[in-house]
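Take a look at the structure below.
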2 protein chains.
Amino acid sequence: MNAASGLTARLASRVVDYIRRSGLAVGSHLPEQRLADAFRVSRTPVRHALHVLAGMGVVARRPRHGYFLRRVPAQTPKLPIRDDAALAEERYLRIADDRLAGKLEDQVTETALMRRYGLRRRELQRTLHRMQREGWIERKPGHGWMFATLPDSVEAHAQSYRFRMLFEPAALLEPGFRIDRAELERIRRDQRMLLDGGVHRLSRARLFEIGSDFHETLVSFSGNGFMIDAIRRVNGMRRLLEYRAKCDRGRFMEQCREHLHLLDLLEQGDPGRAAAYLRRHLDLVREKKTGIPSSSSTPPRHAATVTAQL
Amino acid sequence: MNAASGLTARLASRVVDYIRRSGLAVGSHLPEQRLADAFRVSRTPVRHALHVLAGMGVVARRPRHGYFLRRVPAQTPKLPIRDDAALAEERYLRIADDRLAGKLEDQVTETALMRRYGLRRRELQRTLHRMQREGWIERKPGHGWMFATLPDSVEAHAQSYRFRMLFEPAALLEPGFRIDRAELERIRRDQRMLLDGGVHRLSRARLFEIGSDFHETLVSFSGNGFMIDAIRRVNGMRRLLEYRAKCDRGRFMEQCREHLHLLDLLEQGDPGRAAAYLRRHLDLVREKKTGIPSSSSTPPRHAATVTAQL
DNA sequence: CATTGCATTTTGTTGCGCCAAGATACAGAA
DNA sequence: TTCTGTATCTTGGCGCAACAAAATGCAATG
């Protein structure tokens with residue numbers, strides 16, 4: 001059973017999800033068209049997915065009758081996915097690491113990179129375009145690419161936190177703010193897991209991911225597409241910015257506790273306090289990361305003037 | 001003299017700029033290598049650019065001696081540019097317009113669009129990818145694309161202004177805030193020109209552009225890359241959002257006056273007041289565009305709580 | 001020796017055709 | 001009917017080759 005095409009693998013996972021969610025009884029019939037409609041695809045890929053699941057013993061096929069549920073799969077939906085995204089990520093990181101480690105010149109050509117990393121043009125281009133979007137490489141006017149002088153890590157960090165402090169707390173106060181219980185529970189579980197030893201067990205990359213996801217999920221509750229977009233983009237640059245910063249796992253646990261407290265505040269239905277708390281949280285992290293003391297030392301006149309308009 | 005390749009055209013413009021800026025005397029020699037170094041390209045495209053300029057009478061060629069300045073070109077650097085970006089924009093708008101006018105189904109395939117608009121795959125895909133980034137179309141799992149249900153125009157508008165009110169005024173208070181005199185004068189001239197009848201003379205598209213540019217330039221003074229990115233993205237969606245909103249040219253002139261006043265405040269070196277003014281300006285525009293009254297009617301408790309942390 | 005003129009090499013884009021994967025249509029079984 | 005099984009059509013990704021554009025090297029010139 002080879003890894004199948006992207007879609008069939010993804011569908012297989014989604015079908016498993018669907019089964020577990022819908023609480024179907026063992027023996028239930030799984031009509032192809034029903035699933036196809038649910039997932040907005042045609043029957044063909046659904047059929048392939050079911051074939052894969054049959055191989056895993058989740059469903060059984062009765063010729064001329066279709067597929068039937070055989071056992072509700074264990075918690076893990078299993079991932080035999082030919083993980084394109086992960087491969088792309090790996091390529092990205094390989095180049096990013098080399099660049100940040102000073103192993104790549106300021107100016108490079110595509111073919112040189114293709115040779116060096118054994119990539120095909122398409123793959124490389126996708127990676128370069130991503131970097132371009134993130135603003136740390138740009139095309140030269142003629143041929144080749146040029147790495148932008150990396151924004152000074154500390155200053156960029158400070159900038160990102162000042163930006164976040166503006167809109168993340170405000171996101172909690174948006175008129176469209178609605179908590180998605182399931183999502184909230186998910187990020188709460190993640191944070192608990194981190195406190196429960198995960199901080200020391202997981203890779204840095206994974207820690208980044210969970211942290212980013214926490215804030216992204218909160219902002220997504222606001223329903224404000226512009227803010228959601230903003231937090232995504234800031235998060236997209238976090239890894240780059242934090243690459244050289246050391247990872248203080250002690251401080252990280254503190255952050256988790258703050259995250260959990262924030263969730264509690266939210267659930268108590270007081271978005272005002274939650275927002276204020278989030279703001280202080282961000283300010284603390286900012287101070288820790290950049291060493292620049294809180295802005296409360298700057299004359300508060302400006303801020304007061306601005307917010308007086310509220 | 002055909003439109004030449006993108007780079008040569010762009011170079012031609014830049015060379016003209018360079019000539020006008022450097023105040024070279026008529027008759028000066030323009031060594032290819034010097035220009036090539038200045039623009040970070042090789043001599044080849046520089047030579048092509050000079051050839052084009054020779055055709056326009058800006059420079060003269062003496063065989064075996066190279067190119068010499070013949071007359072310092074008039075104010076306008078002239079644009080014989082085969083404007084790729086503009087073509088892309090046109091394609092984008094053509095599809096966007098049709099969609100917004102309800103002429104396109106919710107689900108479409110690439111080839112259908114290619115036929116309908118006579119585009120090549122590459123061109124279409126670039127357009128679709130842009131739309132995807134902007135969040136109003138997405139791939140179906142299998143084949144084809146699906147237009148997302150457009151965010152309700154009024155609500156999206158309100159969201160964008162709430163977002164802008166958070167960070168645009170704050171941009172003026174960023175520690176790295178530095179006014180670029182030349183840029184400031186440029187946008188001031190633009191606004192004056194609008195007041196001076198431009199509002200009624202120019203196309204809607206051009207009005208959009210000048211308005212977007214005004215705010216983008218202000219935010220760019222902050223030096224905060226995240227905020228600059230944010231305003232660019234918000235502006236990128238403005239045209240789409242305002243497509244169906246009527247264009248009130250009277251109100252537009254009022255906006256221009258406010259813009260000019262804002263520039264005055266900035267020049268007086270009081271960013272605090274400028275920020276406050278900008279915030280009120282945005283709030284007024286928001287109210288005008290969405291009909292939703294100012295948020296001051298909502299309990300100010302939240303805002304106060306948040307900003308108390310400043 | 002700096003610079004042009006020209007030839008050659010390198011680079012990156014575009015068009016085209018192929019093919020796996022998805023959509024669709026239809027016949028037949030339950 | 002409703003659903004499966006199967007055949008056929010369509011879509012869109014991928015690699016290759018050709019081409020245009022840019023870089024590079026070198027001889028010739030003032």
Side-chain angles (χ1 to χ4, degrees), chain A residues 2-11 28-37 39-51 54 59 61-68 82 84 107-115 119-126 128-129 139-145, chain B residues 2-11 29-37 39-51 61-68 82 84 107-115 119-126 128-129 139-146:
Chain A
N2 59 35
S5 89
L7 182 53
T8 35
R10 253 175 303 155
L11 275 181
S28 306
H29 185 198
L30 297 167
E32 291 174 358
Q33 191 62 56
R34 198 82 50 93
L35 295 172
D37 290 344
F39 301 136
R40 308 187 133 265
V41 293
S42 73
R43 278 171 52 212
T44 314
V46 168
R47 155 173 299 253
H48 291 310
L50 286 170
H51 178 73
V59 299
R61 177 178 173 213
R62 274 175 42 200
R64 299 253 157 235
H65 291 255
Y67 290 89
F68 294 80
R82 183 182 62 189
D84 259 0
Q107 310 209 142
V108 290
T109 65
E110 286 190 9
T111 34
L113 290 174
M114 283 169 62
R115 267 196 298 276
L119 299 177
R120 274 166 301 191
R121 195 164 234 109
R122 191 66 61 109
E123 300 168 333
L124 178 68
Q125 284 186 338
R126 293 224 172 116
L128 289 177
H129 281 99
R139 302 196 70 96
K140 288 203 296 173
H143 283 176
W145 296 76
Chain B
N2 59 36
S5 89
L7 182 53
T8 36
R10 251 174 304 154
L11 275 181
H29 186 198
L30 298 167
E32 291 176 357
Q33 190 62 57
R34 199 83 47 92
L35 295 173
D37 290 344
F39 301 136
R40 306 187 133 265
V41 294
S42 73
R43 279 169 50 213
T44 314
V46 168
R47 151 173 304 252
H48 291 308
L50 286 171
H51 178 72
R61 179 181 170 210
R62 275 174 43 199
R64 298 253 158 234
H65 290 256
Y67 290 90
F68 293 81
R82 184 182 62 190
D84 259 1
Q107 311 212 140
V108 290
T109 64
E110 285 189 11
T111 34
L113 290 175
M114 282 168 61
R115 267 196 298 276
L119 299 177
R120 275 166 298 193
R121 211 185 216 93
R122 186 70 59 108
E123 299 167 335
L124 177 69
Q125 284 187 338
R126 293 221 174 121
L128 290 176
H129 281 101
R139 299 197 74 96
K140 289 205 295 174
H143 283 175
W145 296 77
M146 187 171 52

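Note on naming: letters A, B, ... go to the chains in the order of the sequence lines (proteins, then strands), and numbering restarts at 1 for each one.
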*Return the value, rounded to whole Å, for the distance between atom CD of B:Gln107 and atom P of D:dT10.*
19 Å
*Between A:Arg34 (CZ) and D:dT2 (C1'), how many Å, whole number?*
10 Å
Check: protein-nucleotides 5-9 of chain C nitrogen or oxygen pairs below 3.5 Å:
{"residue": "C:dG5", "atom": "OP1", "partner": "B:Arg61", "partner atom": "NH2", "Å": "2.9"}
{"residue": "C:dG5", "atom": "OP1", "partner": "B:Arg64", "partner atom": "N", "Å": "2.6"}
{"residue": "C:dG5", "atom": "OP2", "partner": "B:Arg47", "partner atom": "NH2", "Å": "3.4"}
{"residue": "C:dG5", "atom": "N7", "partner": "B:Arg43", "partner atom": "NH2", "Å": "2.9"}
{"residue": "C:dG5", "atom": "O6", "partner": "B:Arg43", "partner atom": "NH1", "Å": "3.2"}

*Protein-nucleotide distance (B:Arg10, atom CZ; D:dA21, atom P), rounded to Å*: 13 Å
Under 3.5 Å, which protein N or O atoms sit close to an N or O of nucleotides 12-16 of chain D? Give each pair with its distance.
{"residue": "D:dG12", "atom": "OP1", "partner": "B:Glu110", "partner atom": "N", "Å": "3.3"}
{"residue": "D:dG12", "atom": "OP1", "partner": "B:Gly144", "partner atom": "N", "Å": "3.1"}
{"residue": "D:dG12", "atom": "OP2", "partner": "B:Glu110", "partner atom": "N", "Å": "3.0"}
{"residue": "D:dG12", "atom": "OP2", "partner": "B:Thr111", "partner atom": "N", "Å": "3.2"}
{"residue": "D:dG13", "atom": "OP1", "partner": "B:Arg139", "partner atom": "NH1", "Å": "3.4"}
{"residue": "D:dG13", "atom": "OP1", "partner": "B:Arg139", "partner atom": "NH2", "Å": "2.9"}
{"residue": "D:dG13", "atom": "OP2", "partner": "B:Gln125", "partner atom": "NE2", "Å": "3.0"}
{"residue": "D:dG15", "atom": "OP1", "partner": "A:Arg120", "partner atom": "NH1", "Å": "2.3"}

_How long is the straight-line distance from CG of B:Leu124 back to NE2 of B:His129, given to the nearest 0.5 Å?_
9.5 Å
*Hey, is the side chain of A:His29 poking within less than 4.0 Å of OP1 or OP2 on D:dT4, counting only N and O atoms?*
yes
*Do the non-hydrogen side-chain atoms of B:Gln33 and B:Val46 ever get within less than 4.5 Å of each other?*
no
*Relative to the 5' end of DNA chain C, which residue comes earlier, B:Leu30 or B:Pro141, by the nucleotide with the nearest heavy atom?*
B:Leu30
*OP1, OP2 of C:dG22 versus side-chain N and O of A:Ser42: anything below 4.0 Å?*
no
*Is the NZ or CZ atom of A:Arg62 positioned over A:Tyr67's six-membered ring, under 6.0 angstrom from the centre and within 45° of the axis?*
no
_Short side-chain to backbone donor-acceptor contact, B:His29 and B:His65, under 3.5 Å_ = yes
*Stepwise, does the side chain to side chain donor-acceptor pair (under 3.5 Å) test hold for B:Trp145 with B:Glu110?*
CA-CA 7 Å; B:Trp145 296 77; B:Glu110 285 189 11; 3.2 Å; yes
_If you define the side chain from C-beta out and look only at heavy atoms, does anything of A:Leu11 sit under 4.5 Å from A:Phe39?_
yes
*Looking at A:Leu35 and A:Leu30, what are the two nearest heavy atoms and their distance?*
CD1-CB, 4.3 Å
*Tell me: CG of A:Leu128 to P of C:dT11, nearest whole Å?*
15 Å
*Value in whole Å for how far the C1' atom of C:dT4 lies from NE2 of B:His51*: 16 Å
_Between P on C:dT3 and CG on B:Leu35, what's the gap in Å once rounded to a whole number?_
11 Å
_Minimal non-hydrogen separation, A:Pro45 against A:Thr8, with atom names_ = O-CG2, 3.6 Å
*Search all heavy atoms of B:Val41 against all heavy atoms of A:Pro141 and return the closest pair with its distance.*
CG1-CB, 3.5 Å
*Is it the case that more than 12 heavy atoms not belonging to B:Arg34 sit under 6.0 Å from its CZ atom?*
no
*Report the end-to-end axis angle of the helix from C:dC1-D:dG30 to C:dA30-D:dT1; each axis comes from five terminal pairs, and the value is rounded to 10°.*
30°
*Salt bridge between A:Glu123 and A:Arg120, side-chain N to carboxylate O under 4.0 Å?*
yes
*Within this structure, what is the CG-to-C1' distance between B:Leu124 and C:dG15, rounded to whole angstrom?*
16 Å
